[in-house]
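Scroll down for the structure; my scribbles are underneath it.
All figures in this text were calculated on a predicted structure; none of them were measured in a lab.
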2 protein chains.
Amino acid sequence: MDNQLDSFFGAMADPTRRAVIERLTQGPAPVSELHAPHDIALPTFLKHLRKLEDAGLVRSEKRGRVRTVHIEAAPLAVAEDWLARQRRVWEGRLDRLSHLADRLPPDVS
Amino acid sequence: MDNQLDSFFGAMADPTRRAVIERLTQGPAPVSELHAPHDIALPTFLKHLRKLEDAGLVRSEKRGRVRTVHIEAAPLAVAEDWLARQRRVWEGRLDRLSHLADRLPPDVS
DNA sequence: AAGTTGGTTATCCATGTGGCTAAGTATTGC
DNA sequence: GCAATACTTAGCCACATGGATAACCAACTT
């Protein structure tokens with residue numbers, strides 16, 4: 001996809017995928033274990049995993065017949081930073097507004 | 001949609017929509033001004049705005065023929081919190097692992 | 001009153017997404 | 001070797017998404 005944020009936010013915009021991420025923060029797990037709590041077919045679930053992997057949120061290795069998946073935390077931090085930055089601009093605007101309000105009588109017609 | 005996070009992350013998974021949010025952190029603006037920098041047709045752009053509004057990220061009022069849009073910052077904070085929580089669990093796991101490592105000789109067979 | 005401006009509504013289209021089943025491959029256990 | 005396990009690939013389907021045009025309405029401007 002375009003931006004890294006595109007694929008990240010796209011990946012998080014689904015409850016199944018968020019649940020997988022939540023689970024993986026507690027440590028790696030094989031595909032079958034990740035799939036177990038979700039009431040959808042395995043191939044469908046694999047497509048979700050694929051999307052997480054494409055977004056760089058997750059990595060996996062196969063040993064024998066079992067594929068173990070682990071989280072890649074960096075992208076989470078990138079998105080968190082983006083959101084924090086927006087919030088700071090927003091809050092900064094509020095600050096500037098209140099400062100303006102302080103100086104309202106002299107400055108504004 | 002399902003969760004509030006669904007519609008939030010869904011809304012952010014598009015560069016046009018993120019650009020609108022970035023612009024709106026600096027203050028409200030009419031639709032035409034928001035649309036100007038984007039090289040897409042107005043009706044297409046309006047669909048993006050609609051999605052932002054559906055996700056509760058933005059609100060708008062119409063006065064005369066001009067509709068003014070302003071940001072609703074709360075959902076940003078909700079998502080930021082969710083991400084921060086994931087990060088804390090992830091980091092907590094690392095902490096526990098290192099603590100475990102400290103106690104490795106006595107505790108582990 | 002006529003024209004311009006700022007949105008809005010209605011359709012349409014190609015592609016993406018999330019779901020399924022069926023069938024296949026490769027390990028591992030007996 | 002055979003069966004069970006753990007994915008994997010292929011194909012199908014309904015609906016959502018992001019894009020477009022055309023036509024419309026309402027409110028200013030002149």
Find the distance [X]:[atom1] to [N]:[atom2] and express it as a whole number of Å.
X	N	atom1	atom2	value
B:L52	D:dT17	CG	C1'	14 Å
B:L49	C:dG7	CG	P	10 Å
A:K62	C:dA26	NZ	P	9 Å
A:R50	C:dG16	CZ	P	13 Å
B:R67	D:dC25	CZ	C1'	14 Å
B:H38	D:dA20	NE2	C1'	18 Å
A:D6	D:dT17	CG	P	15 Å

Picking from [options], which would you name as closest to the side chain of [X]?
X	options	value
A:L42	C:dT21, D:dG19, D:dT8	D:dT8
B:I40	C:dT17, D:dG19, D:dA22	D:dG19
B:T44	D:dG19, C:dG7, C:dA10	D:dG19
A:K51	D:dT8, C:dT17, C:dG7	C:dT17
B:H48	D:dG19, C:dG18, C:dT8	D:dG19
A:R65	D:dT8, D:dA4, C:dT8	D:dA4
B:P43	C:dG7, D:dC7, C:dT8	C:dT8
A:D14	D:dG18, C:dG18, D:dT21	C:dG18

Exercise for the section: For the pair B:H35 (side chain) and B:I40 (backbone), establish whether a donor and an acceptor sit closer than 3.5 Å, ignoring hydrogens and angles. Expected result: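 Looks like yes, one N/O pair under 3.5 Å.
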Answer with base, sugar-phosphate or nothing: what part of the nucleic acid does [X] contact at a heavy-atom distance below 4.0 Å?
X	result
A:R17	sugar-phosphate
A:S32	sugar-phosphate
B:K47	base

When you check the gap from the basic side-chain N to the acidic O, do [X] and [Y] get nearer than 4.0 Å?
X	Y	result
A:D6	B:R18	yes
A:D81	A:R85	no
B:R87	A:E80	yes

Handout entry: salt bridge (charged side-chain N to carboxylate O under 4.0 Å, His left out) partners of A:E53, counting only residues at least two apart
Key =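 If we apply the salt bridge (charged side-chain N to carboxylate O under 4.0 Å, His left out) test to A:E53, skipping adjacent residues, there are no hits.
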Problem - 5′-ward residue of the pair A:D39/A:G64 relative to DNA chain C - result: A:D39
